[in-house]
Amino acid sequence: MTKAYTLLEKLLFPPTLINTIKLEKELQGKNIIITGASSGIGEQLAVLLGEIDCHLILVARRKERLLQLQKQIKRAKISVFAGDLRDKVEMHHLISYIRTLDGKLDIIVNNAGISISRSIFDSLDRLHDFKRTMAINYFAPVELLLATIPILEGSHGQIINISTINTLLTPFPKFSAYQASKQAFDVWFQSVAPELNSKGIRTTSIYLPLVRTPMIEPTKKYINAPAMSPLHVAKIISKTMYTERKRFKPWWIIFGQVSSLLFRSVWERTSKVNIKKR
Ligand SMILES: NC(=O)c1ccc[n+]([C@@H]2O[C@H](COP(=O)([O-])OP(=O)(O)OC[C@H]3O[C@@H](n4cnc5c(N)ncnc54)[C@H](OP(=O)(O)O)[C@@H]3O)[C@@H](O)[C@H]2O)c1
């Protein structure tokens, strides 16, 4: 999974340097929840923060992978919460567990998610795809945050949302379920952010391009596409924990946004031709 960057990737994704002293000072003794910690970005973040004397609460369905991480991480205290965040009872267990931390919850990294790439014509009998993406990418973080905002207010905590650059651009075909659900949470989060900020809760949105994780493996066209490494993303997320940064976007996204505005109709015409050819 860890592949050296190509020249193009080096240009698109310049290195992120972390001040480990500042990070360590900021996170010492803190309670941090990482959802989706069993693979990809969440797993790398757990490994990176695992070098610090903090308490990581790792959440995902695959318990064995979380236990493996717990074994691997030597410095941080690790608590494993194996559960499906779409499930009311399991979400309730997680929230009950958080309440046992005596108001000491400092950071939530909302990272768990699923993606689906499927033509709308292959989705006509698959309403469940739209429901399951909304369940984990939208309703689960909303439910978790509704329960934890009062706790985060008490600790002047931080919420970090792992979003996608797709929410900033013209939506791509074949990703309707994924993009709509990520957009929904991004809009929710942006809408509540000023209120949360006024109560001392920091909010950070991380808009990611393609990242080389198990999520993109089923999509063959992504095999050779430029993609960030999950470790690089873990560094970007960690850095926001000791800086005041509210948003991360790749430096080149502005060109994509301008193109989305200016060339949308040209793009729609050419994509119609390309899709027909497939
Ligand atoms: N990879 C990319 O190109 C890319 C780009 C932009 C944004 N992102 C975002 O980055 C985040 C992490 O994705 P990734 O690329 O690291 O993918 P990944 O390797 O597939 O990881 C997804 C994580 O979410 C967890 N998860 C999924 N459904 C869950 C559920 N119902 N309950 C609890 N945990 C659940 C998975 O654990 P279990 O299966 O063990 O439950 C896994 O740990 C996602 O929010 C994704 O939208 C990814």
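All figures in this text were calculated on a predicted structure; none of them were measured in a lab. Whatever order the structure lists ligands and atoms in, that order sets their numbers, starting from 1. Hydrogens, waters and symmetry mates play no part in the numbers below; they use all other heavy atoms, side chains included.
A salt bridge links Glu9 with Arg212: at least one charged nitrogen is closer than 4.0 Å to a carboxylate oxygen.
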Pairs under 3.5 angstrom only: tabulate donor-acceptor contacts from the side chains of residues 90-97 to other protein residues two or more places apart or in another chain.
from  : atom 1 : to    : atom 2 : distance (Å)
Glu90 : OE1    : Asp84 : N      : 2.4
Ser96 : OG     : His92 : O      : 2.8
Tyr97 : OH     : Ser79 : OG     : 3.2

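Listed here is the closest heavy atom pair of Arg86 and Arg132: NH1-CB, 3.8 Å. In terms of heavy-atom proximity, Leu105 sits nearest to Leu152 at O-CD2, 3.6 Å.
Ring geometry for Phe172 against Phe175 counts as perpendicular: the plane angle is over 60°, on a 0 to 90° scale with 30° as the lower cut.
In the hydrophobic cluster analysis, where Ile, Leu, Val, Met, Phe, Trp and Tyr join through side-chain heavy atoms closer than 4.5 angstrom, Val89 is grouped apart from Phe139.
Within 4.0 Å of ligand 1, contacts by protein heavy atoms are made from Gly36, Ala37, Ser38, Ser39, Gly40, Ile41, Ala60, Arg61, Arg62, Gly83, Asp84, Leu85, Arg86, Asn111, Ala112, Gly113, Ile114, Ile136, Ile162, Ser163, Thr164, Tyr178, Lys182, Leu208, Pro209, Leu210, Val211, Thr213, Pro214, Met215, Ile216.
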